[in-house]
Amino acid sequence: MRGIYQTLVLTGAVSAAEMTTAVARFGDTDELERHLVDQGIVSEWQLAQAVAAHTGTRAVDISGAVLDPQTVALVPGTLSRRYRVLPLERVGAQLILGMVDPSDIIAVDDVTSITDLRVEPVAVAADALQQAFERYLRSDEELSDLSEQIGETNQTPMVSFTETLNDQDADAPIVRFVNLLIAQAINDRASDIHVEPGEHQLTVRFRIDGVLHEMQRADRGSQDGIISRLKIMSSIDIAERRRPQDGRLSVHHEGRQIDLRVATLPTVWGEKIVMRILDNTGQSMAMGDLQMSAGNLGRFEKAIHRPHGMVLVTGPTGSGKSTTLYTALRDVSDSRVNVITVEDPVEYRIAGVNQVQVNNRAGLTFGAALRSILRSDPDVVLVGEIRDHETAVISIEASLTGHLVLSTLHTNDAPSALTRLVEIGCEPFLVATALTAVVAQRLARRLCTQCKAPLTETSELLTSIGFPHDPAAPPQLYRAAGCPTCSGTGYRGRIALHEVMTLTDELEELVVTHATGTEMRQVALAAGMVSLRDDGWSKVAQGLTTIEEVLRVSV
C-alpha cells in the first residue's frame, strides 16, 4: 500500500532514520513493507494498525479468534485467498470483512455482490489472516466432494485414462483433487503425504510434526487416476507398476516454490505413493536455530570447524539429520572453501555448494562419486548417507587425508555409530583415528505457545521416570491443551533432542579392542556426553515440550 511509510513514522512504529534508509533502498513500494516485517523493524500487527490509520478504518486482532464457520463460508475460499480477505462477523445486513488492504475497492465490490451484504472493511495482520486461512479455509470438504465426483465418473470402464491425464485441464476432478491435496498438506505444515491404496478405499495421511494423521478417504475407483496423475507430475513411468520408482516435482504455493520428493512402492492393493515436502525456505537455518544446549553446541561447532576429520549425525528417518548437516554446511562454507556433496537425492539446493546427485543406473554410486570428488580438490565433503562398506571406507580415508567429512548413519544412539562402522567392515583403528564427533538426534513436538497449560507432577512420578528435580520444590512443567492455532493437538512445530559424543583417547582404545556399545556408552557419559533423554528433560524444564513427547522419542 503506497504511502504507508509516513503513517508508520507518525505512529512511532518506525524511527525516521530507519524509514529513510529503507525508503532510499526500496522506494514507496510493496517491497518496503515486506522488508520492514522481514527485518523485524515492525510486526505484522503494527503494520495492520498503520494500515488502519492510513485508510481510515479500524484494526482488528484476529490471532486466536474463534470465528463462526457459517460466516466464513459466506465468501468462497478461493476468493478469500485471492484478495486476502476473510468474513469476521455478520451483524444484520452488515458484514465485517478482515482485509490486509482495506483500500482494495475491487475486493470489497466482489464480496458485496456475492454476499448481498453491506461490507465494512477492517485491517488485519497478514500472519494472523494466514493462520485463520489454515483453520477455516481447509480443503477437506471440497476434497470429499471431488472424490465423490471421481468415483461417479469412474463407474464406467476407463480405457486409456492415464494416457490423457497430461492433457487434462485444471478443472478436471482428478487434477483438482491432487492440487488441493498438495496445497492442503503445505498449509498444514505436513512433512510427508502418504497416498495408500486399500481393498475398498484410497486413504490419504499427512505426517504433521512427526505424527501421521488420516486426512482423506477416496473411492477405490479413483485410485488409478490419482496415482497416475501424481506419477506423471513427478516424471515417473506410469506403465511400470511392479517395482519401486523415485521422482520429483515442484509446485508454486503462495509465492514460494516447494519441491516434493516422490517415491512409489508396489503393495498388494496397488501402488503406495509417499511425497516428502521439501520447503527450501525453512532450511536457511543458523547454528543457533538448532537449539542445542550450550555444551552440545560447543562440542559440535568445535568438530565441524576442524580442518579434517569425520562428523556423523545419526538417527532414524525423519529425525532432522539432513537439516542439521545443511546447517553445519552453511556455517563452514564460504568463498575460500571448496564444498562438494554427494547425495541421493539432493533434497535442498544450496548456493555456492557443488552438489552431486547419485545415479546408480549410470554407474554414479556413492563410492564412484566420492572417488571423483577427492580428485576435485575439496575442503569439505558431505556424504548423504553411509550405507555400505565402500562408501564408509572412502569417507574415512578422505577424513584421514586432510578433508572434513560430514555424513549420516542409521544408529539408535551416538556410541552405536562406532560399532556400526566396524560392523560395515571398516578397520577399527581407522574408525578411531578418523572420527571426530557423533551427533544422535530425535525430533519431539514443540508445545503450542498459544495454549500450553501449567502442570505440576508429583515428585514420585518424576523420580520414577528419571526427571531431575528437587523434591522440595516441584518444577513448573506444561501440558498440551489444544487450540485452533495448533488444530487442537497442543503442539505446533518440532524441537530437536541431541546427544553429542566427541572421541576421547579412552573411546579410541575401546574401538580398537572391539568393546561393546554399552561399554562405549558408559565411557562417553562419564566423559561428559549428555544423553538424548537428559537433553529432552532440559527442554521439558524450559517449557518447550512435554514429558510424554520425550518418553515417546527417546529411551
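All values below were derived from every heavy atom in this structure, side-chain atoms included, with hydrogens, water molecules and symmetry-related copies excluded. Only a predicted model underlies this, so the values are computations on that prediction, with no experimental measurement involved.
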Provide the closest heavy-atom pair for Leu497 versus Leu532 in the form atom of the first, atom of the second, distance.
-> O-CD2, 3.3 Å
Salt bridge (Lys or Arg N to Asp or Glu O under 4.0 Å) involving Arg118 - partner list, sequence neighbours excluded | none
Nearest heavy-atom approach of Thr545 to Leu447 is O-CD1, 3.6 Å
Just list the side-chain donor-acceptor pairs under 3.5 Å for residues 292-300, sequence neighbours left out, or say none.
from: Ser293; atom 1: OG; to: Asn296; atom 2: N; distance (Å): 3.4
from: Ser293; atom 1: OG; to: Asn296; atom 2: ND2; distance (Å): 3.3
from: Asn296; atom 1: OD1; to: Arg299; atom 2: NH1; distance (Å): 3.4
from: Arg299; atom 1: NH2; to: Gly528; atom 2: O; distance (Å): 2.8

Spacing of Thr264 atom OG1 and Leu230 atom CG [to the nearest 0.5 Å] = 11.0 Å
Side-chain heavy-atom pair Arg248, Arg276 within 4.5 angstrom cut-off = no
Contacts satisfying salt bridge (Lys or Arg N to Asp or Glu O under 4.0 Å) that involve residues 83-96 (not counting sequence neighbours) are none
Can you measure from CG (Asp104) to OG1 (Thr55) and round to the nearest 0.5 angstrom?
-> 11.5 Å
Test side chain to side chain donor-acceptor pair (under 3.5 Å) applied to Arg442 - qualifying residues, sequence neighbours left out = none
Pairing residues for Thr489 by the side chain to side chain donor-acceptor pair (under 3.5 Å) criterion, not counting sequence neighbours = none
Where is the tightest heavy-atom contact between Ile350 and Gln355, given as atom of each residue plus distance?
-> N-OE1, 2.9 Å
Show your reasoning for whether side-chain contact (heavy atoms from CB on, under 4.5 Å) applies to Leu97 and Met99.
-> CA-CA 6 Å; Leu97 186 69; Met99 306 179 67; 3.9 Å; yes
Basic-acidic side-chain contact under 4.0 Å: Arg261, Asp246 | no
Could you tell me whether the side chain of His54 and the main chain of Ala50 form a donor-acceptor pair under 3.5 Å?
-> no
In sequence, state the C-alpha distance, the side-chain angles, and the governing distance for Ile226 and Val204, and then conclude on side-chain contact (heavy atoms from CB on, under 4.5 Å).
-> CA-CA 11 Å; Ile226 292 170; Val204 178; over 6 Å; no
For the residue pair Thr341 and Leu329, establish whether any side-chain heavy-atom pair is separated by less than 4.5 Å.
-> yes
Within a strict 4.5 Å, meaning less than it, do heavy atoms of the Glu196 and Leu202 side chains meet?
-> no
Residue Gln476 excluded, over 12 heavy atoms near CD under 6.0 Å | yes
Check: Asp192 side chain, Val274 main-chain N or O, donor-acceptor pair, under 3.5 Å | no
pair Met275-Ile273: side-chain heavy atoms closer than 4.5 Å = yes
Apply the test side-chain contact (heavy atoms from CB on, under 4.5 Å) to residues Leu477 and Ile547: give CA-CA distance (whole Å), side-chain angles for both, the deciding distance (0.1 Å), then the verdict.
-> CA-CA 9 Å; Leu477 308 179; Ile547 289 175; 3.7 Å; yes
So do Leu551 and Glu548 actually touch side chain to side chain, heavy atoms under 4.5 Å?
-> no
Please list, chain by chain and in numerical order, all residues satisfying salt bridge (Lys or Arg N to Asp or Glu O under 4.0 Å) with Glu457, sequence neighbours excluded.
-> none
Is a side-chain donor or acceptor of Thr324 paired with a backbone partner of Gly320 at a separation under 3.5 angstrom?
-> yes
What pairs of residues pass the salt bridge (Lys or Arg N to Asp or Glu O under 4.0 Å) test when at least one of them lies in residues 55-73, not counting sequence neighbours?
-> Arg58-Glu120
Residues in side chain to side chain donor-acceptor pair (under 3.5 Å) with Lys231, at least two apart?
-> Glu271
Ring pair (Phe, Tyr, Trp, His ring centres under 6.0 Å) against Phe467, all qualifying residues, sequence neighbours excluded = Trp537
What do you reckon, is CD1 of Ile106 surrounded by more than 12 foreign heavy atoms closer than 6.0 Å?
-> no
So, the side chain of Gln441 versus the backbone of Gly315: is there a donor-acceptor pair under 3.5 Å, distance only?
-> no
Closest contact, heavy atoms only, Arg189 versus Gly493 | NH1-N, 3.4 Å
Under the salt bridge (Lys or Arg N to Asp or Glu O under 4.0 Å) rule, what do Glu214 and Arg205 come out as? Steps first, then yes or no, please.
-> CA-CA 4 Å; Glu214 184 176 313; Arg205 296 193 291 172; over 6 Å; no
To the nearest 0.5 Å, how far apart are CG in Asp188 and CD1 in Ile193?
-> 10.0 Å
Set of residues satisfying side chain to side chain contact (heavy atoms under 4.5 Å, CB included) with respect to Asp127, sequence neighbours excluded | Glu44, Ala125
Does the side chain of Thr57 come within less than 4.5 Å of Val122's, by heavy atoms?
-> no
Worked check of side-chain contact (heavy atoms from CB on, under 4.5 Å) between Leu117 and Thr112 = CA-CA 6 Å; Leu117 296 171; Thr112 300; over 6 Å; no
Do Tyr83 and Asp110 have side chains that get closer than 4.5 Å, going by heavy atoms?
-> yes
What one should report as the nearest heavy-atom pair of Ala126 and Val100 is CA-CG2, 4.1 Å
Taking C-beta and beyond as the side chain, do Phe177 and Arg229 meet within less than 4.5 Å on heavy atoms?
-> no
Taking only residues two or more places apart in sequence or in another chain, which ones pass side chain to side chain donor-acceptor pair (under 3.5 Å) with Asp334?
-> Arg336
Atom of Leu325, atom of Val313 and distance for their closest heavy-atom approach | CD2-CG2, 3.6 Å
With sequence neighbours left out, write down each residue that passes salt bridge (Lys or Arg N to Asp or Glu O under 4.0 Å) with Arg220, or none if nothing qualifies.
-> none
Give a yes or no on whether a salt bridge exists between Arg445 and Asp209, defined as a side-chain N under 4.0 angstrom from a carboxylate O.
-> no
Of Leu260, Asn179, Ile277, which is the lone residue that meets side-chain contact (heavy atoms from CB on, under 4.5 Å) with Val251?
-> Leu260
